[in-house]
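Before any comments, here is the structure.
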Amino acid sequence: MTSGFFQRLEAGVTISHLPSGSSDDVPCELWEGEEEVLVAAVAAGRRAAAWVRSLPGAPMACPVGAWLAGELPEVIETATASLTPEECDRMDAYGVMSDGTGGLDEETRSELAAVPCVVQDAPWLTPDQQVRLMAVASLIAGAARLLAQDPGTAIEHGQLDRMWALLDHTIA
């Protein structure tokens with residue numbers, strides 16, 4: 001009887017080798033098209049942040065209204081400007097996986113993850129606006145995760161470009 005690992009190999013599963021060590025230890029070369037993709041990310045983040053700022057404000061001052069009008073657009077812009085393939089998943093010298101961040105710090109990831117909960121406390125927004133806010137946060141967090149898991153595919157095969165097209169559709 002063969003183990004699960006060898007069964008997957010026999011089934012034709014491709015095993016890719018992850019970088020080892022910290023991101024400081026691994027020399028990084030630019031992926032083809034990386035600069036353009038990261039510039040597009042910043043532009044997409046600015047457009048999304050402008051859309052969030054254009055949403056109707058809370059009828060009365062409240063913490064959720066202030067967060068949606070001020071902090072969330074800044075989080076969106078910071079997130080898209082921070083994306084980097086250098087912060088990808090890694091394996092240390094002992095074979096232990098370390099999840100990459102795609103460039104997002106814990107606070108930014110946490111704020112994006114809070115959007116589905118926060119929109120519930122924003123009844124002045126229509127359900128359409130609430131769903132779009134959740135989609136914006138999800139697409140940006142997803143772009144970071146995509147960069148962390150497979151930066152080459154994300155950059156060279158247009159997956160991030162597709163994310164920004166979806167983002168633009170969401171805010172249109």
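FYI, the numbering just counts along the sequence from 1. Nothing here was measured: the structure is a model prediction, and the numbers come from that model.
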(message) What verdict does the side chain to side chain contact (heavy atoms under 4.5 Å, CB included) test give for L38 and T80, after you've listed the backbone C-alpha separation in whole Å, the side-chain angles of each residue and the deciding distance to 0.1 Å?
(response) CA-CA 8 Å; L38 296 179; T80 55; over 6 Å; no

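- In this structure, T170 contributes its side chain and L166 its backbone to a donor-acceptor pair below 3.5 Å.
- A donor-acceptor contact shorter than 3.5 Å is absent between the side chain of S138 and the backbone of M134.
- To the nearest 0.5 angstrom, R162 atom CZ is 12.0 Å from L167 atom CG.
- Residue pairs meeting the salt bridge (Lys or Arg N to Asp or Glu O under 4.0 Å) criterion with at least one partner in residues 103-118, sequence neighbours excluded, are E106-R109.
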(request) Please assess L55 against L68 for the test side chain to side chain contact (heavy atoms under 4.5 Å, CB included), listing each intermediate value before the final yes or no. (result) CA-CA 9 Å; L55 291 172; L68 288 171; over 6 Å; no

(request) Show your working on side chain to side chain contact (heavy atoms under 4.5 Å, CB included) between L83 and L104 and close with a plain yes or no. (result) CA-CA 7 Å; L83 293 174; L104 299 188; 4.3 Å; yes

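- Annotation: E32, atom CD; neighbour count of heavy atoms from other residues, nucleotides and ligands within 6.0 Å does not exceed 12.
- A distance-only check finds a donor-acceptor pair linking the side chain of Q129 to the backbone of T126 [under 3.5 Å].
- Side chain of W67 to backbone of L72: no donor-acceptor contact under 3.5 angstrom is found.
- In this structure, Q120 contributes its side chain and P116 its backbone to a donor-acceptor pair below 3.5 Å.
- Distance check, rounded to the nearest 0.5 Å: CG of L112 to CD1 of I140 gives 6.0 Å.
- Without hydrogens or angle criteria, T84 side chain to E87 main chain gives no donor-acceptor distance under 3.5 Å.
- For the pair Q130 (side chain) and V119 (backbone), a donor-acceptor distance under 3.5 Å is present.
- Applying the side-chain hydrogen bond (donor to acceptor under 3.5 Å, both in side chains) rule to pairs touching residues 39-65 yields R47-D168, R53-E77, sequence neighbours excluded.
- Atom NE2 of H169 has 12 or fewer neighbouring heavy atoms from other residues, nucleotides or ligands inside a 6.0 Å radius.
- When each of V115, I171, L133 is tested with V52 by the rule side-chain contact (heavy atoms from CB on, under 4.5 Å), just one qualifies, namely L133.
- At most 12 non-hydrogen atoms from other residues, nucleotides or ligands lie less than 6.0 angstrom from CD of E35.
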